[in-house]
Amino acid sequence: MSSWAPTKYKTTNWPSYNTALKQRGSLSIWFDPGLNWAVPDFSTLCRRQRTLDVRLPYSGGTGPLNLLIDSTGMKAEGEGEWNARKHGGSKRRIWRKIHIGIDEETLEVRAVEVTSSNIGDAPMLPELLNQIPPDQDIEMVTADGAYNTRKCHDAIAARNAHAVIPPRKNAKPCKPTSAGAIARNEAVNASRYLGRALWRRWSGYHRRSRVESKMNCIKLLGQSLMVRDFDRQAAEIQIRIAVLNRYTALGIPITKPAG
DNA sequence: ACTTCCTCCGTTTTGCGACA
DNA sequence: TGTCGCAAAACGGAGGAAGT
């Protein structure tokens, strides 16, 4: 007979969040913000999360949007190989892919998509652009070489935006049958003429590093996802990003060289 | 030293009855 | 019918015991 007993939660008539934390018993510290909030049961929260519609808060920039796009993987469940063997090798490490587009001016996330890990980056770019309201002007879309496809260029051209996507090393101009193809050819020619390194400086491609630091911020809120089902995982990521946008809207640091 | 297995326990998900 | 709260099940990570 073990000494283990399931944690008892007394959830009826929680008068406040404080009491909720106290009654869980496992927390040695608790907070007293002087609030008297009723707290839904955790089973209710869990159920609601599956169909939660998260809207990203956005404080708004001043001019046309400069969108920076990138993606990253996030661990979802079942980390160890140990578990894989325990459950007969069927359970592998599961990853989710987060695709985001941020506003270069305000550094707020404007578009987010969550996919399984086997989905490529390029197909998601049009989806991200769709999340930007049609009446908002987009001036520029900056993304890495993985997005260098015809469909991406077409989607960007359809929004009358300028694409900053590095061409491949031996990229050749293709038939200029669409606005996207023409834009791609311009980048190929410019890159040939200037050289790839100079093209990066000339095109301002370096600004893309900002979206990478935003990805880092998302991971600072936790390296892996807590919930287990895909819909809830998407909601969890969207909630994180909504929280980050609130932080970002409070103010961003301005870094200057010393002296 | 290393791997494998097991226990503990916090966290998430589901079953089910109550209630509007 | 849909949602809620409670109880129980399921999941997964930490870490230690046992085996090699």
Side-chain angles (χ1 to χ4, degrees), chain A residues 1-57 70-100 109 111-121 124 127 131 212-248:
Chain A
M1 187 64 191
S2 73
S3 61
W4 176 80
T7 317
K8 292 290 180 193
Y9 301 96
K10 187 80 191 94
T11 49
T12 38
N13 300 325
W14 277 356
S16 71
Y17 190 59
N18 285 343
T19 319
L21 289 177
K22 260 169 96 176
Q23 287 175 335
R24 289 169 85 108
S26 59
L27 289 158
S28 55
I29 55 166
W30 47 292
F31 309 98
D32 185 12
L35 300 173
N36 191 28
W37 290 346
V39 182
D41 189 79
F42 48 77
S43 59
T44 300
L45 292 176
C46 180
R47 272 189 275 253
R48 281 185 189 171
Q49 187 171 353
R50 194 151 46 94
T51 53
L52 194 65
D53 179 25
V54 183
R55 309 246 168 93
L56 298 183
D70 199 14
S71 82
T72 189
M74 184 164 266
K75 189 170 61 178
E77 62 186 56
E79 187 194 3
E81 319 250 326
W82 173 90
N83 248 333
R85 259 173 274 133
K86 187 183 172 191
H87 296 294
S90 61
K91 256 199 160 174
R92 268 169 290 140
R93 216 177 262 216
I94 293 176
W95 295 80
R96 297 293 176 220
K97 222 169 184 180
I98 309 174
H99 313 256
I100 62 169
V109 179
V112 54
E113 283 283 340
V114 181
T115 66
S116 57
S117 55
N118 58 345
I119 303 290
D121 293 351
M124 299 317 293
E127 308 286 332
Q131 291 184 24
E212 287 179 7
S213 46
K214 182 61 70 178
M215 285 298 192
N216 187 44
C217 292
I218 293 170
K219 293 195 172 179
L220 287 177
L221 293 178
Q223 293 288 316
S224 63
L225 300 168
M226 303 298 284
V227 292
R228 290 154 197 177
D229 128 278
F230 183 84
D231 292 338
R232 292 181 174 111
Q233 285 166 353
E236 185 177 337
I237 290 168
Q238 287 165 349
I239 291 167
R240 277 186 191 211
I241 290 172
V243 168
L244 270 183
N245 268 10
R246 291 257 188 242
Y247 284 152
T248 309

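Within every chain, numbering begins at 1; the chains are lettered A, B, ... in the order of the sequence lines, protein sequences first and strands thereafter. Quick caveat, the model's predicted, so the values are computed rather than measured.
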Exercise for the section: Return the value, rounded to whole Å, for the distance between atom CZ of Phe42(A) and atom C1' of dT13(B). Expected result: 10 Å
Exercise for the section: Grab the CZ-P distance between Arg50(A) and dT12(B) for me, whole Å please. Expected result: 16 Å
Exercise for the section: Determine the sole option in Arg96(A), Gln49(A), Gln238(A) for which the side-chain hydrogen bond (donor to acceptor under 3.5 Å, both in side chains) test with Gln233(A) is passed. Expected result: Arg96(A)
Fill in the blank from the handout: Minimal heavy-atom distance between Ala242(A) and Leu56(A), with the atoms involved, is N-CD2, 4.0 Å
Fill in the blank from the handout: note: Leu45(A), atom CG; dT3(C), atom P; distance rounded to Å ~ 15 Å
Fill in the blank from the handout: Atom CD of Gln49(A) and atom P of dT11(B) are separated, to the nearest Å, by 15 Å
Handout entry: Nearest heavy atoms of Ser116(A) and Lys97(A), plus distance in Å
Key = O-CB, 3.9 Å
Fill in the blank from the handout: Atom CG of Leu225(A) and atom P of dC11(C) are separated, to the nearest Å, by 18 Å
Handout entry: Nearest non-hydrogen partners of Gly222(A) and Arg240(A), listed with the distance
Key = O-NH1, 2.7 Å
Exercise for the section: Start with the C-alpha gap between Asp231(A) and Thr51(A), add the side-chain angles, then the distance that decides, and say whether side-chain contact (heavy atoms from CB on, under 4.5 Å) holds. Expected result: CA-CA 7 Å; Asp231(A) 292 338; Thr51(A) 53; over 6 Å; no
Exercise for the section: Round to the nearest Å and state the distance from Asp229(A) atom CG to dA10(C) atom P. Expected result: 17 Å
Practice task
Could you check how far CD of Gln223(A) sits from P of dA14(C), rounded to whole Å?
Solution key: 13 Å
Practice task
Considering just the side-chain nitrogens and oxygens of Arg228(A), establish if one lies under 4.0 Å of OP1 or OP2 belonging to dT11(B).
Solution key: no
Fill in the blank from the handout: Smallest heavy-atom separation, Leu225(A) atom then Met74(A) atom, equals CD2-SD, 3.7 Å
Handout entry: Phosphate contact (dT14(B) OP1 or OP2) by Arg232(A) side-chain N/O below 4.0 Å
Key = yes
Handout entry: Point-to-point distance, once rounded to the nearest 0.5 Å, from CD1 of Ile100(A) to CE of Met215(A)
Key = 4.0 Å
Exercise for the section: Could you tell me, to 10°, how much the axis swings from one end of the helix from dA1(B)-dT20(C) to dA20(B)-dT1(C) to the other, five pairs per end? Expected result: 20°
Handout entry: Sequence-aligned protein contact record of nucleotides 15-20 of chain B, with B where the base is within under 4.0 Å of a protein heavy atom and S where only the sugar-phosphate is
Key = BB----
Completion exercise
Rounded to the nearest 0.5 angstrom, the CG-CD distance for Leu221(A) and Glu236(A) is 10.0 Å
Problem - Between dT13(B) (C1') and Leu52(A) (CG): distance, integer Å - result: 17 Å
Problem - Option from Arg50(A), Met226(A), Arg48(A) for which side chain to side chain contact (heavy atoms under 4.5 Å, CB included) with Arg232(A) holds - result: Arg50(A)
